[in-house]
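Report on the structure given below.
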Protein chains: 2
Amino acid sequence: MRDFKRRSRVLLIDDNADHLRGVKELITLESCYEVVGTTTSANIGINLAKKYHPDIILMDVNMPEKDGLQAIQEIEKLDLDIRIICLSGYDDADLIFRAMKIGAKGYVLKTMASAQLIYAMDEVAAGKIYLPTALTSRFFEYFQNSFREDTKASAEENLLTYLTAREEEVLDLLTQGNNYKAIAGKLFISETTVKTHVNNIFQKLQVNDRTQAVLYALNNGFANRRLSKIAV
Amino acid sequence: MRDFKRRSRVLLIDDNADHLRGVKELITLESCYEVVGTTTSANIGINLAKKYHPDIILMDVNMPEKDGLQAIQEIEKLDLDIRIICLSGYDDADLIFRAMKIGAKGYVLKTMASAQLIYAMDEVAAGKIYLPTALTSRFFEYFQNSFREDTKASAEENLLTYLTAREEEVLDLLTQGNNYKAIAGKLFISETTVKTHVNNIFQKLQVNDRTQAVLYALNNGFANRRLSKIAV
DNA sequence: GGATATATCAATCTAAAGATGTAAGACAAA
DNA sequence: TTTGTCTTACATCTTTAGATTGATATATCC
C-alpha cells in the first residue's frame with residue numbers, strides 16, 4: 001500500500017513507554033510504515049523531527065514534561081512538511097479543537113482499534129486530514145458552541161438589516177478605514193452625500209460615531225466574507 | 001430504526017423540483033422517516049418549519065431566490081431544536097465551513113449514495129453531527145488554513161508589540177468605541193493625556209485615525225484570548 | 001396619481017478628532 | 001549620575017466628523 005513510492009517514515013512520541021512499544025510493534029508488523037524513531041520525551045521528539053524529517057509523527061498529547069500541543073506547534077513552525085497525528089487517551093472536545101486548530105492532521109484515541117490508527121495514517125499519508133466520525137461530531141459541537149453566543153446576540157435584532165444597499169456599501173468602506181473624502185471618491189458621489197448616508201447609518205445602528213458603527217458591523221456579522229481568528 | 005419512540009419528521013427544501021421528488025421518494029420508501037413537507041422555496045420553507053416543527057430539515061444550499069445559508073440562520077434563530085442537514089451539489093470548502101459555522105448538523109453531497117444520506121439522517125437524529133469523511137478533510141484544510149495566514153501575518157511584524165502597557169489600555173478602550181472623554185474618565189487621567197497616548201498609538205501602528213487603529217487591533221490579534229467570530 | 005422609500009447634493013454649525021511642540025515627575029538601567 | 005522610557009499634562013491650531021435642515025430626482029408600491 002503506497003509502497004510503490006517509498007515507505008512512509010514515522011516518528012513516535014509518547015511518554016508511556018509501554019504504549020510506545022506497542023504502537024511500534026503494531027506499525028512494524030501490521031502496516032507498510034517504517035518507524036524511524038521513538039521517544040518518550042517531547043523535547044527529544046522535536047530534535048528527532050529535525051534530524052530525520054519523518055513523513056508522519058504520532059504524538060501523544062497527554063504528556064507531563066512538555067505539553068503535546070506545544071510540541072506540535074514547535075514542529076509546525078519548522079515548516080518541514082511533517083504531518084502530525086495526535087494520539088490521546090481522552091476525547092475531550094477542547095483538546096481535539098485545539099489540536100486541529102494548530103495543524104494536527106489527525107486525532108485518534110488510544111482506545112480505538114489498531115486498524116483505525118493504521119487507517120488514519122493511510123489517509124494522512126495520502127494528504128488528507130482524518131478525524132474519526134465520533135470525534136468529528138464532538139469537534140463540531142464545540143466549534144458551533146463557540147459561535148452560538150454570537151448568534152444569539154445578533155438574533156435578538158440585527159439592526160444591520162435596516163440598512164439600504166447603498167448604506168451597506170458605505171458601511172463596508174467605513175469598515176475598511178476610509179474617511180468621507182475617500183468614500184466619496186470610491187463611490188463617485190459627493191462628500192456631503194456620504195455624510196448623509198453615514199448619518200443615516202448611525203441612526204439605524206443606534207451609534208454615535210464611525211468607530212462604534214464599524215464595531216457594530218464587525219460584531220454582528222457584517223461579513224467581509226473573510227475569516228477572523230480564534231484564540232488557542 | 002428508532003421507531004420505538006416515534007418516526008422522526010422531515011422537511012425538505014430544495015429549489016430543484018425533480019431532486020426534491022427523488023429525495024422524498026427515497027426517504028419514504030427506504031427509511032423510517034416521515035416527510036411532513038416539501039417546498040422549492042426557502043421562504044416558504046421557513047414558514048413550514050415554524051408551522052410543523054420538523055425534527056430534521058434537509059436544506060439545499062444552492063438556491064437562487066434566497067441563499068440556503070441565510071435560511072438556515074433564520075431557522076436557527078427560531079430556536080425550535082430543528083436539526084438541519086445541508087444538501088449541496090458542491091464540495092466547496094468555504095461553503096462547508098460556513099454551513100457548519102452557522103449550525104448545520106450535517107452536510108451531504110447530492111452526488112453521494114442515497115445510503116449516505118439516510119446514514120447522515122440517522123446520526124443527526126441521534127443527536128450527533130455528521131460530515132462525510134471526505135468533506136471533513138476538506139473542512140479541516142480550510143479551517144487550518146484560516147489560521148496559517150494569521151500566524152504568518154502576525155509573525156512578520158505585529159506593530160502592536162511596540163505599544164506600552166498604558167497605550168494598550170487606551171487602545172482597548174478605543175476598540176470598545178470610547179471617545180476621548182470616556183477614556184479619560186475610565187482611566188482617571190486628563191483628556192489631553194489620552195490624546196497624547198492616542199497619537200502615539202497612531203504613530204506606532206502607522207495609521208491615521210482611530211477607526212484604522214481599531215481595525216488594525218482587531219485584525220492583528222488584539223482579541224484578548226476570548227473567541228472572536230468568524231464572518232459567514 | 002399619490003404616497004413612500006431611496007439616492008443625490010448643499011449650507012451651516014458645533015463638537016470632536018488629530019497634529020505638533022513642550023515639559024515635568026517617576027523609575028529603571030547603564 | 002546620567003540616560004532613556006514612560007506617563008502625565010497643557011496650549012495651540014487645523015482638519016475632520018457629526019447634526020440638522022432642506023431640496024430634487026427617481027423609482028416602487030398600492
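Throughout, a chain's letter reflects where its sequence line sits, starting with A, and its residues are numbered from 1.
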Inset, instruction - Let me know the distance between CD1 of B:I183 and C1' of C:dA17, rounded to the nearest Å. - result: 11 Å

Inset, instruction - Just call it for B:T192: base, sugar-phosphate, or nothing, with non-hydrogen atoms closer than 4.0 Å on any strand. - result: base

Inset, instruction - May I ask you to say what A:K181 touches in the nucleic acid, namely base, sugar-phosphate or nothing, with a heavy-atom cut-off under 4.0 Å? - result: nothing

Legend entry - Below 4.0 Å: OP1/OP2 of D:dG18 and any side-chain N or O of A:Y180: yes

Inset, instruction - Figure out the CG/P separation between B:N179 and D:dA19, and round it to whole Å. - result: 12 Å

Inset, instruction - For A:F188 and C:dT8, give me the distance from atom CZ to atom P, rounded to whole Å. - result: 12 Å

Legend entry - Sidechain N-carboxylate O distance under 4.0 Å for B:E74, B:K77: no

Inset, instruction - Measure from CG on A:L187 to P on C:dT8 and round the result to the nearest Å. - result: 8 Å

Inset, instruction - Measure the distance from CD on A:Q212 to P on D:dA17 and round it to the nearest whole Å. - result: 16 Å

Legend entry - Beyond-backbone contact of B:R210 with B:N179, side-chain heavy atoms, under 4.5 angstrom: yes

Legend entry - Among D:dA17, C:dA10, D:dA9, the nucleotide that comes nearest once only the side chain of A:S190 is considered: C:dA10

Inset, instruction - Answer yes if the ring centres of B:F143 and A:F139 are under 6.0 angstrom apart, and no otherwise. - result: yes

Legend entry - Qualifying residue, where the test is side chain to side chain contact (heavy atoms under 4.5 Å, CB included) with B:V214 and the options are A:L215, A:L218, A:V214: A:L215

Inset, instruction - Please tell me which of B:K195 and A:N208 maps to the more 5' nucleotide of DNA chain D, matching each residue to the nucleotide holding its nearest heavy atom. - result: B:K195

Inset, instruction - Could you check how far CG of B:N200 sits from C1' of C:dT20, rounded to whole Å? - result: 12 Å

Legend entry - Nearest-angstrom distance from the residue atom CD1 of B:I201 to C1' of C:dA17: 14 Å

Inset, instruction - Select from B:D209 and B:R166 the residue whose nearest nucleotide in DNA chain D is closer to the 5' end of that strand. - result: B:R166

Legend entry - Spacing between A:N199 atom CG and C:dA11 atom P, to the nearest angstrom: 17 Å

Inset, instruction - Please work out if B:T193 contacts a base, only the sugar-phosphate, or nothing of the nucleic acid, heavy-atom cut-off 4.0 Å. - result: base

Inset, instruction - Give B:T164 one of three labels, base, sugar-phosphate or nothing, depending on what nucleic acid heavy atoms sit under 4.0 Å from its own. - result: sugar-phosphate

Inset, instruction - Would you indicate whether the side-chain heavy atoms of B:I27 and B:M121 approach each other to under 4.5 Å? - result: yes

Legend entry - A:H197 vs C:dT8: side-chain N/O to OP1/OP2 distance below 4.0 Å: yes

Legend entry - Nearest-nucleotide comparison on DNA chain C, the residue closer to the 5′ end among B:T211 and B:T196: B:T211

